[in-house]
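Working notes, beginning with the structure itself.
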Amino acid sequence: MDVLWDSTEPLTVRQVGLRLTNRDLAHTTVMTVLDRLAKKGFARRQRDGRAWRYRAAANREAYVTELMLHALDQTGDRSAALASFARRVSDSEAQVLRGALESLGETPRD
Amino acid sequence: MVLAAVAVGTVPGAAILASARWPYRSPAAAILLWQALGLSWGLAAVGALAGLGAVPGRYGVAGGALSGASRALRGAALGFDADTLGAVARLAVLGASAGLLTLLCWVLVAATAAVLIARHRHRALLRLLAHGDPKVPGALVVDHPAAAAYCVPGLRSQIVISAGTLDLLDQAELAAVLAHERAHLRARHDLVLLPFCALARAFPRSRLVRRAHATVALLVEMLADDRALRQRPARELATALLRVGASGAGRAPAGALAAGDDEVVARVTRLLTRPARLPVPTQALICSAAAVLVAVPVTLLLFSL
């Protein structure tokens, strides 16, 4: 997936394999992985002659944002899907927490 | 009708429990009582409606409801004039009872499905984006500046820490966070929370249900805090909580925060003051109260007294 994200143009299976030089992967392995990514909607593919060309469906930042939105529970309801260490706080509560840190002799880091 | 009394009685009971202070001292016992209250309310509400349409018999309300339904249906089929209205009324309350039972089961199934789908998507994203880090062994790291630390429960559970949290906390605090999250995963706290989430989704307008959900969520966090304290000092966990909270990463959009306000403050206060646990006899009393709460509607449903 990193290879697709780093590339500006759609890649064939062979090109992806060539860019994964640090790992010795069989052509069919790369093909299977790309096929699976495409089925899950993370990659898009288009015909180019006899080969498929793959590109990322969205950039990495978009996925990180989705992940964090879900993690920070800002999508609305507090679901049981994930369990956050500290739940979201209001501005006034954050102020109280900063005060509490200082009274413990700790400096708030931001 | 005892069942109706139980169904109605659990409501003020839940309100009292939501504002009680002792649950902070023994979160496990309090959670048990909450579960008993919820289960008892559901059984009693379904049973009370069924009881209205039941024929008194040997097998309690459940058996009576079945024979009541068949008698009413037979009566309607034969076309008795005198009792048609009674039969229709009987079928109506039995239908309402079955409907409530179906609704309660359905919201639980729907909530479970929603949770499983969300987790599946989340795991797929993590596989693409997250990587390990020697600072937090056993956890995944996502490169994002906001402070977030959470776990994805399930058979293949995962703890996730954002790069922002790695920068924010020192090594000891990170260890405390990991201990807290591991406690969640090991005890499957997500399963405790699931029915309350389901109820909150089913009755989004009910303030009491929302409060029950928020209270149980907070108690579960306290339970995990207690568990983490067996491995890490309280102060580490407290400062970790304060830092993550104060960083405001999870800041709620204005106005969206109804329940859950001051949760972090409550947990930190509890960590730093360490209130004494309830004495064992009191805890035993709470557990037996929970058992009675569930036993009464079950007995009335299955056996006639």
Side-chain angles (χ1 to χ4, degrees), chain A residues 1-5 33-34 36-43 56-110, chain B residues 111 114-115 118-119 121-122 124-126 128-129 142-144 146 148-153 160 162 167-168 177 180-181 184 189-190 193-194 197 200-201 213-214 217 220-221 224 235 238-253 256-257 260-265 268 272:
Chain A
M1 197 67 204
D2 282 327
V3 171
L4 292 186
W5 273 324
V33 170
L34 284 172
R36 216 177 280 159
L37 284 174
K39 277 198 184 120
K40 284 187 179 168
F42 292 120
N59 63 11
R60 189 197 311 251
E61 288 68 37
Y63 287 126
V64 173
T65 308
E66 184 194 335
L67 198 68
M68 289 300 280
L69 277 182
H70 194 195
L72 297 174
D73 212 5
Q74 302 199 323
T75 45
D77 60 337
R78 290 152 45 115
S79 80
L82 310 169
S84 272
F85 175 59
R87 297 209 176 269
R88 51 197 197 175
V89 297
S90 60
D91 275 335
S92 59
E93 194 181 2
Q95 210 64 48
V96 172
L97 295 178
R98 248 176 245 127
L101 258 181
E102 275 159 22
S103 68
L104 281 170
E106 304 263 349
T107 44
R109 301 173 210 145
D110 258 313
Chain B
V115 159
R119 276 184 202 153
R121 171 79 181 166
H122 203 89
L125 286 171
L126 281 176
L128 293 181
L129 299 166
V142 173
D143 291 318
H144 193 278
Y150 60 95
C151 57
V152 191
V160 185
S162 70
D167 294 339
L168 189 69
V177 172
H180 172 97
E181 296 302 333
H184 275 318
H189 286 159
D190 58 307
L193 217 46
L194 188 61
C197 285
R201 280 166 57 116
H213 178 215
V220 160
E221 293 302 325
R235 194 188 159 96
T239 54
L241 257 178
L242 286 171
R243 279 192 221 286
V244 173
S247 81
R251 188 156 308 157
L257 204 81
D261 210 358
D262 293 335
E263 274 189 15
V264 177
V265 172
V268 170
L272 294 178

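Residue numbers begin at 1 in each chain, while the letters A, B, ... track the order of the sequences. Note that the coordinates shown come from a computational prediction; the quantities given were computed from them, not determined experimentally.
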For B:R119, is there an ion pair with B:D190 - N to carboxylate O distance below 4.0 angstrom?
yes
Quick one: what part of B:A240 sits under 4.5 Å from any heavy atom of chain A, side chain, backbone, both or neither?
both
Segment of B:V142 engaging chain A (4.5 angstrom heavy-atom cut-off)
side chain
Give, for atom NE2 of B:H144 and atom CG of A:L67, the distance between the pair rounded to the nearest 0.5 Å.
9.0 Å
Will you find, in the side chains of B:H184 and B:E221, an N or O donor that is under 3.5 Å from an N or O acceptor?
yes
Chain A contact via B:L129 - side chain, backbone, both or neither, heavy atoms under 4.5 Å:
side chain
Contact part of B:L126 toward chain A, heavy-atom cut-off under 4.5 Å: side chain, backbone, both or neither?
both
Is the B:Y150-B:H180 ring centre distance short of 6.0 angstrom?
no
Under a 4.5 Å cutoff for heavy-atom pairs, which residue among B:V265, B:D143, B:V268 has the most contacts with chain A?
B:V265
Select, from A:R60, A:K40, A:E66, the one with the greatest count of heavy-atom pairs under 4.5 Å involving chain B.
A:E66
Supply the atom-to-atom distance B:L242 CG to B:L272 CG, rounded to the nearest 0.5 angstrom.
7.0 Å
